[in-house]
Participant: 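Got a structure for you, questions after.
In this text the structure is predicted, and so the values were computed from the model without any measurement.
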Amino acid sequence: MTDPNPSPRAFSASAPLKGRIAIPGDKSISHRALMLSALAVGTSRVTGLLEGHDVLATAAAMRGMGATIERREDGEWVIDGVGVGGLLQPHEALDMGNSGTSTRLLMGLVASHPITVTFIGDASLSGRPMGRVIEPLSQMGTDIVASPGGRLPLMVRGLAPAIPLAYRLPMASAQVKSAVLLAGLNTPGITEVIEPIPTRDHSERMLKGFGADLNVETDGDGTRRIRIRGEAELRPQTIAVPGDPSSAAFFIVAALIVPGSDVVIANVGLNPTRAGLVEVLQAMGGDIELLDPREVGGEPVADLRVRHSALKGIEVDPAIAPSMIDEYPILFVAAALAEGRTVTTGLDELRVKESDRLAVMAAGLTAIGARVEESADGLAIDGTGGDPLPGGATIAGHLDHRICMSFAVAGLVGKAPVTIDDMGPAATSFPNFEALLESLQA
């Protein structure tokens with residue numbers, strides 16, 4: 001769903017960022033709110049839904065399988081679900097655009113329904129491997145025919161009743177965990193996911209909220225055992241989606257590195273499985289204050305006040321990676337402005353995102369004058385100590401929204417402008433990114 005006509009944009013040194021902004025709704029929660037509402041019996045209502053391309057792809061897919069999904073003029077979304085087990089055979093292939101989350105989670109949903117679904121996507125998504133989801137779903141009896149390398153286009157022929165399984169995640173992946181739990185919704189008996197390293201837990205929180213029989217036990221070594229009883233009946237819900245911490249990340253870092261900045265970001269979701277970036281930036285000396293901490297729909301939320309800070313390089317504990325995996329690109333920008341060396345490791349996962357985010361960030365940061373060493377599983381960055389970066393380069397965003405927005409922020413502290421070859425992909429997760437940035441510069 002990326003615009004075939006690229007929209008290049010230059011970002012240059014910024015005046016202090018000042019003001020208060022509200023960021024779009026959380027992408028992970030938005031996807032799951034639509035999917036589970038579509039499987040509930042009755043009418044669910046969702047406010048604050050992220051209306052980026054990825055989430056709209058999920059909405060279109062659930063419509064294609066029988067749910068009634070409407071957006072009201074006031075921004076509220078109203079969903080009439082079909083019930084667990086009630087998904088209908090779609091008339092055409094489901095186009096996932098650029099959304100890996102939609103694809104992997106929906107493969108799980110379809111796996112235990114007696115329907116056959118073909119998934120297609122754009123060039124970027126079609127290059128991403130789906131094998132990690134195919135493996136457990138195949139063990140549940142689902143027949144999946146993928147393109148070479150386990151890629152899209154692929155066809156899922158669901159099985160009902162599917163076979164429950166106990167699946168130990170070979171890597172930390174909330175998407176794989178969620179796919180298996182969603183398949184377990186319509187599978188008789190108990191489906192179990194064993195998670196050695198905790199990942200974002202939106203699926204568990206939301207499944208419970210919709211009334212699924214789900215429990216989580218944590219072993220002495222920190223391993224989580226998540227069990228869901230199948231053939232569930234989900235109850236419709238009213239959901240207020242908190243602001244996306246992954247979107248907030250760009251403005252948190254921008255306020256920290258642009259001299260004189262003082263910004264409040266309202267209503268940011270601070271689920272502990274997602275809030276690793278705030279912790280790391282605070283450890284680097286970032287002035288980030290949590291105002292009015294509260295709980296909204298079972299998720300912790302606060303307003304963040306962020307002020308320009310002298311950051312110091314640190315060694316980032318790889319154990320924190322699952323709680324901030326999407327925020328590493330913008331962390332690398334912060335590191336480029338810090339004093340001393342920042343070292344990151346344990347980030348193999350970044351090589352199979354929308355782009356190879358380690359290689360792309362290393363190349364782009366080097367092009368704008370940062371000092372970066374790339375290793376197999378991370379980057380080491382020697383920062384400027386707060387001095388502006390030279391800038392003056394055009395960055396290839398590789399159709400990756402987080403790369404584009406990270407370099408947009410880097411341009412705010414460049415001696416010469418930083419040009420991104422195409423800012424269009426930002427719309428997959430953050431349609432009003434540039435407008436909000438301009439509002440803080442006004």
Participant: State, yes or no, whether a side-chain contact exists between Met107 and Phe119 at a heavy-atom distance under 4.5 Å.
Facilitator: yes
Participant: With rounding to the nearest 0.5 Å, note down the distance linking OG1 in Thr428 to CG in Leu399.
Facilitator: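 Taking OG1 in Thr428 and CG in Leu399, the distance rounds to 10.0 Å.
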Participant: Is it true that Arg128 and Glu354 make a salt bridge, defined as a side-chain N closer than 4.0 Å to a carboxylate O?
Facilitator: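 Salt bridge between Arg128 and Glu354, a charged N being under 4.0 Å from a carboxylate O: yes.
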Participant: Should Asp292 and Arg294 be marked as a salt bridge (Lys or Arg N to Asp or Glu O under 4.0 Å) after you check the CA-CA gap, both sets of side-chain angles, and the distance that decides it?
Facilitator: CA-CA 6 Å; Asp292 186 22; Arg294 54 204 184 271; 3.4 Å; yes
Participant: Between Arg20 and Asp303, does at least one N-O distance fall below 4.0 Å, as a salt bridge requires?
Facilitator: yes
Participant: Do side-chain atoms of Asp317 reach the backbone of Ile320 as a donor and acceptor pair under 3.5 angstrom?
Facilitator: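 Not at all, since once roles are kept as given, no pair shorter than 3.5 Å links the two residues.
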Participant: Will you find, in the side chains of Asp287 and Ser309, an N or O donor that is under 3.5 Å from an N or O acceptor?
Facilitator: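 No.
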Participant: Please report the shortest heavy-atom distance between Gly222 and Pro198, naming the atom on each side.
Facilitator: O-CG, 4.3 Å
Participant: Decide if atom CD of Glu438 counts as having more than 12 heavy atoms of other residues, nucleotides or ligands within a radius under 6.0 Å.
Facilitator: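 For Glu438, atom CD is crowded (more than 12 foreign heavy atoms under 6.0 Å).
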Participant: Starting at CE of Met423, measure out to CE of Met405 and round the result to the nearest 0.5 Å.
Facilitator: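 Between Met423 CE and Met405 CE, I get 6.5 Å after rounding to 0.5 Å.
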Participant: Is Asp356 salt-bridged to Arg351, cutoff N-O under 4.0 Å?
Facilitator: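 Salt bridge present between Asp356 and Arg351.
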Participant: Test your reading of the model: is there a side-chain donor-acceptor pair from Thr273 to the backbone of Asp201, 3.5 Å cut-off?
Facilitator: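 At least one qualifying donor-acceptor pair exists.
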Participant: Nearest 0.5 Å, what's the CG-CG distance between Leu39 and Leu87?
Facilitator: 5.0 Å
Participant: Kindly give the heavy-atom pair with the smallest separation between Val258 and Ala15, and that separation in Å.
Facilitator: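 Scanning both residues completely, I find the closest heavy atoms to be CG1-O, 3.6 Å.
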Participant: Begin from the C-alpha positions of Glu349 and Arg132 and carry the test salt bridge (Lys or Arg N to Asp or Glu O under 4.0 Å) through to its verdict.
Facilitator: CA-CA 12 Å; Glu349 172 80 359; Arg132 58 176 62 178; 3.1 Å; yes
Participant: Backbone N or O of Leu17 within a donor-acceptor pair of the Ser261 side chain at under 3.5 Å?
Facilitator: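 Confirmed, Ser261 side chain pairs with Leu17 backbone.
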Participant: Which value, rounded to the nearest 0.5 Å, describes the distance between Leu105 atom CG and Leu34 atom CG?
Facilitator: 11.5 Å
Participant: If you round to the nearest 0.5 Å, how far is CD1 of Ile325 from CG of Leu277?
Facilitator: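 Taking CG in Leu277 and CD1 in Ile325, the distance rounds to 12.0 Å.
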Participant: Any chance you could lay out the side chain to side chain contact (heavy atoms under 4.5 Å, CB included) test for Leu182 and Leu36, step after step, and finish with the verdict?
Facilitator: CA-CA 9 Å; Leu182 290 172; Leu36 295 182; 3.8 Å; yes
Participant: Without swapping roles, check the side chain of Ser147 against the backbone of Pro153 for a donor-acceptor pair under 3.5 Å.
Facilitator: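 Yes.
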Participant: Check Lys27, Arg274, Arg200 against Asp326 for a salt bridge (charged side-chain N to carboxylate O under 4.0 Å, His left out) and give me the one that passes.
Facilitator: Arg200
Participant: Can you find a heavy atom in the side chain of Val413 that is under 4.5 Å from one in the side chain of Asp387?
Facilitator: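 With C-beta onward as the side chain, the pair stays apart.
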Participant: In the structure I gave you, are the side-chain heavy atoms of Leu94 and Ile120 within less than 4.5 Å of one another anywhere?
Facilitator: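 No. Closest side-chain heavy atoms not under 4.5 Å.
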Participant: In this structure, are over 12 heavy atoms from other groups packed under 6.0 Å from Glu233 atom CD?
Facilitator: no
Participant: Do Ser37 and Val46 have side chains that approach each other closer than 4.5 Å (heavy atoms only, starting at C-beta)?
Facilitator: yes
Participant: What orientation do Phe433 and Phe430 show, parallel under 30°, tilted 30 to 60°, or perpendicular over 60°?
Facilitator: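 Rings of Phe433 and Phe430: perpendicular, as their planes differ by over 60°.
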Participant: Using only heavy-atom distances, determine whether the side chains of Glu327 and Ser246 contain a donor-acceptor pair under 3.5 Å.
Facilitator: yes
Participant: Which atoms form the tightest heavy-atom contact between Ala212 and Ile228, and what is the distance?
Facilitator: CB-CD1, 4.2 Å
Participant: Test side-chain hydrogen bond (donor to acceptor under 3.5 Å, both in side chains) on Asp80 and Thr43 and set out the steps.
Facilitator: CA-CA 5 Å; Asp80 284 304; Thr43 302; 2.4 Å; yes
Participant: Please assess Ser203 against Lys177 for the test side chain to side chain contact (heavy atoms under 4.5 Å, CB included), listing each intermediate value before the final yes or no.
Facilitator: CA-CA 9 Å; Ser203 292; Lys177 168 179 68 176; 5.6 Å; no
Participant: Looking at Ile197, I want to see if its CD1 is surrounded by more than 12 non-hydrogen atoms of other residues, nucleotides or ligands under 6.0 Å.
Facilitator: no
Participant: Assess the side chains of Ser124 and Asn98: does a donor N or O sit below 3.5 Å from an acceptor N or O?
Facilitator: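 Yes - a donor-acceptor pair under 3.5 Å links their side chains.
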Participant: Is there a donor-acceptor contact under 3.5 Å linking the side chains of Arg357 and His398?
Facilitator: no
Participant: Output yes when a side-chain donor or acceptor of Gln237 lies under 3.5 Å from a complementary backbone atom of Arg235, and no otherwise.
Facilitator: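 Such a contact is found between Gln237 side chain and Arg235 backbone.
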Participant: For a quick test of reading the model, state the closest non-hydrogen atom pair linking Gly158 to Thr142 and the distance between them.
Facilitator: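 Reported closest heavy-atom pair: CA-CG2, 4.3 Å.
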Participant: Using side-chain heavy atoms (C-beta onward) and a distance below 4.5 Å, is Ile257 in contact with His308?
Facilitator: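 No, side chains not in contact.
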Participant: Do Val409 and Phe11 come close enough that some side-chain heavy atom pair is under 4.5 Å?
Facilitator: no
Participant: Distance-only, no hydrogens or angles: does the Ser44 side chain make a donor-acceptor pair with backbone N or O of Pro236 under 3.5 Å?
Facilitator: no
Participant: Assert yes or no for the condition that the ring centre distance of Phe407 to Phe250 is strictly below 6.0 Å.
Facilitator: no
Participant: Where do Leu291 and Leu304 land on the side chain to side chain contact (heavy atoms under 4.5 Å, CB included) test, with the steps shown first?
Facilitator: CA-CA 6 Å; Leu291 308 176; Leu304 303 184; over 6 Å; no
Participant: Does the side chain of Glu204 reach to within under 4.5 Å of the side chain of Ile226, using non-hydrogen atoms?
Facilitator: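 Touching, per the 4.5 Å side-chain cut-off.
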Participant: So, taking the atom named CG in Leu270 and the one named CD in Glu279, what distance separates them when rounded to the nearest 0.5 Å?
Facilitator: 11.5 Å
Participant: Please name the pair of heavy atoms, one in Gly397 and one in Asp421, separated by the smallest distance, quoted to 0.1 Å.
Facilitator: N-OD1, 3.0 Å
Participant: Checking Ser439 side chain against Leu436 main chain: does a donor-acceptor pair fall under 3.5 Å?
Facilitator: yes
Participant: Is there a donor-acceptor pair closer than 3.5 Å between any side-chain N or O of Ser126 and the backbone N or O of Gly121?
Facilitator: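 Yes, Ser126 side chain to Gly121 backbone: donor-acceptor pair under 3.5 Å.
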Participant: So, His202 and Ser28: side-chain donor and acceptor under 3.5 Å apart, yes or no?
Facilitator: no
Participant: How close do Leu281 and Ala334 get, counting heavy atoms only, and between which atoms?
Facilitator: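 Heavy atoms of Leu281 and Ala334 come nearest at CD2-CB, 4.0 Å.
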Participant: Hydrogens and angles aside, do Arg32 and Thr58 bring a side-chain donor and acceptor to less than 3.5 Å of each other?
Facilitator: no
Participant: Kindly determine whether Tyr167 and Glu135 satisfy side chain to side chain contact (heavy atoms under 4.5 Å, CB included), including the steps that lead there.
Facilitator: CA-CA 10 Å; Tyr167 186 69; Glu135 184 192 341; 3.6 Å; yes
Participant: Is it the case that the side chain of Asp422 and the backbone of Ser7 share a donor-acceptor pair, with hydrogens and angles ignored and the cut-off at 3.5 Å?
Facilitator: yes
Participant: Ignoring hydrogens and angles, tell me if any N or O in the side chain of Asp26 forms a donor-acceptor pair with the backbone of Pro242 under 3.5 Å.
Facilitator: no
Participant: Do we see a donor-acceptor contact under 3.5 Å between the side chains of Glu76 and Thr47?
Facilitator: no
Participant: May I ask you to check whether Ser355 and Asp400 show a side-chain donor-acceptor distance below 3.5 Å?
Facilitator: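 Yes, a side-chain donor-acceptor pair sits under 3.5 Å.
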Participant: Would you call Thr118 and Leu154 a side-chain contact if the rule is heavy atoms closer than 4.5 Å?
Facilitator: no
